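Report on the following structure.
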Amino acid sequence: MKNNLKLKSVLAGTLVASFCLMNVCSTFAQEKPKGKPWPAPEAAVKTKNPVKADDANAAEGKELFSQHCKSCHGAKGKGDGTKAEKIDISCGDFTSAEFGKMSDGELFWKTTEGRKPMPSFKEKLSDNERWTVINYVRTLGKAK
Ligand code: HEC
């Protein structure tokens with residue numbers, strides 16, 4: 001009888017513990033809602049990237065990304081930067097297939113314009129720097 005009681009409390013304890021764990025896990029897994037659709041103008045989508053990715057500008061692209069984008073978009077572009085916690089919509093996933101379908105021109109336009117809470121980089125970065133950072137962003141999807 002005594003043993004039985006002990007077993008029951010152990011079982012109950014395990015049950016409570018696993019429920020807690022499940023809760024914690026689901027809180028982490030909860031995805032933030034995506035922002036409203038954000039289509040770029042046709043002309044922007046068709047604009048070709050004038051900066052060819054090479055060894056020399058790859059390092060610059062990475063550096064620009066670390067300085068200006070990583071805090072929200074995360075080191076690997078997964079949208080899990082330290083600032084992302086405080087943003088109530090998703091910063092997107094730069095490694096997703098959906099993201100990969102966008103043209104360089106489209107990514108360039110979005111980076112140039114921004115949309116709250118994403119800042120505009122029109123003034124902060126030169127055209128050349130924005131194309132260079134887009135080249136780096138592209139490598140994140142391929143690194144998977
Ligand atoms: C303060 C946080 C923040 C910073 C810094 C930031 N972004 Fe964003 N970015 C966001 C958020 C949030 C979104 C989603 C916006 C929306 O859906 O309205 C976004 C969206 C984007 C998109 C569009 C993604 C899509 O799926 O349409 C691109 C491209 C992008 N960011 C590139 C960059 C680049 C490149 C940098 C650095 C030069 C940068 N961002 C810096 C927060 C940020």
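Quick caveat, the model's predicted, so the values are computed rather than measured. Atoms within a ligand are numbered from 1 in the order they appear, just like the ligands themselves.
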Taking the non-hydrogen atoms of Ser90, is any one of them nearer than 4.0 angstrom to ligand 1?
-> yes
Does a donor on one side chain and an acceptor on the other come within less than 3.5 Å for Ser126 and Asn128?
-> no
Give a yes/no on ligand 1: does Arg130 have at least one heavy atom closer than 4.0 angstrom to it?
-> no
Atoms of ligand 1 close to Trp38 [distance to a heavy atom under 4.0 angstrom, numbered from 1] | 20 (C), 23 (C)
Please tell me if the side chains of Thr112 and Ser120 come closer than 4.5 Å, counting only heavy atoms from C-beta onward.
-> no
Between Lys36 and ligand 1, is there a nitrogen or oxygen pair with a distance under 3.5 Å?
-> no
Looking at Phe65, does the NZ or CZ of Lys62 lie under 6.0 angstrom from its six-membered ring centre and within 45 degrees of the ring axis?
-> no
For ligand 1, which part of Pro119 has a heavy atom less than 4.0 Å away: the side chain, the backbone, both, or neither?
-> side chain
For ligand 1, is any non-hydrogen atom under 4.0 Å from Ile89's backbone (N, CA, C, O), its side chain (CB onward), both, or neither?
-> side chain
Could you tell me whether Ser71 and ligand 1 have an N or O pair separated by under 3.5 Å?
-> no
Heavy-atom proximity to atom 28 (C) of ligand 1, picking from Phe108, Phe94, Phe65, points to Phe94
Heavy-atom nearest neighbour in the protein, as seen from atom 26 (O) of ligand 1, with distance rounded to 0.1 Å | Met102 CE, 3.5 Å
Where the closest heavy atom to atom 11 (C) of ligand 1 is concerned, which of Lys101, Met118, Glu129 has it?
-> Met118
In terms of residue, atom name and distance, what is the protein heavy atom nearest to atom 4 (C) of ligand 1?
-> Cys72 SG, 3.4 Å
Mark up the atoms of ligand 1 that fall under 4.0 Å of a heavy atom belonging to Gly35, in ascending order.
-> 17 (O)
Kindly identify the option in Gly92, Cys69, Ser96, Cys91 whose heavy atom sits closest to atom 38 (C) of ligand 1.
-> Cys69
Lys34 contact mode with ligand 1 (heavy-atom cut-off under 4.0 Å) | neither
Lys32 side chain to Glu85 main-chain N or O, any donor-acceptor pair under 3.5 Å?
-> yes
What protein heavy atom sits nearest atom 24 (C) of ligand 1, and how far away is it?
-> Phe99 CE1, 3.9 Å
Can you name the one residue among Asn135, Val45, Thr47, Val137 that meets side chain to side chain contact (heavy atoms under 4.5 Å, CB included) with Asp104?
-> Asn135
Closest non-hydrogen protein atom to atom 29 (C) of ligand 1, residue and atom name please, with distance?
-> Leu107 CD2, 3.8 Å
Please state whether the separation between atom 8 (Fe) of ligand 1 and some N/O/S atom of Thr111 is under 2.8 Å?
-> no
His73 backbone or side-chain N/O/S under 2.8 Å from atom 8 (Fe) of ligand 1 | yes
Donor-acceptor contact below 3.5 Å, side chain Asp54 vs main chain Asn57 | yes
Could you find the nearest protein heavy atom to atom 23 (C) of ligand 1 and give me its residue, atom name and distance?
-> Lys110 CD, 3.6 Å
Does a donor on one side chain sit under 3.5 Å from an acceptor on the other, for Lys46 and Ser103?
-> no
Just how far is it from atom CE of Met102 to atom CZ of Arg138, taken to the nearest 0.5 Å?
-> 8.0 Å
Give the residue and atom name of whichever protein heavy atom lies nearest to atom 16 (C) of ligand 1, and the separation in Å to one decimal.
-> Arg115 NH2, 3.4 Å
Roughly how far apart are His68 NE2 and His73 NE2, rounded to 0.5 Å?
-> 13.0 Å
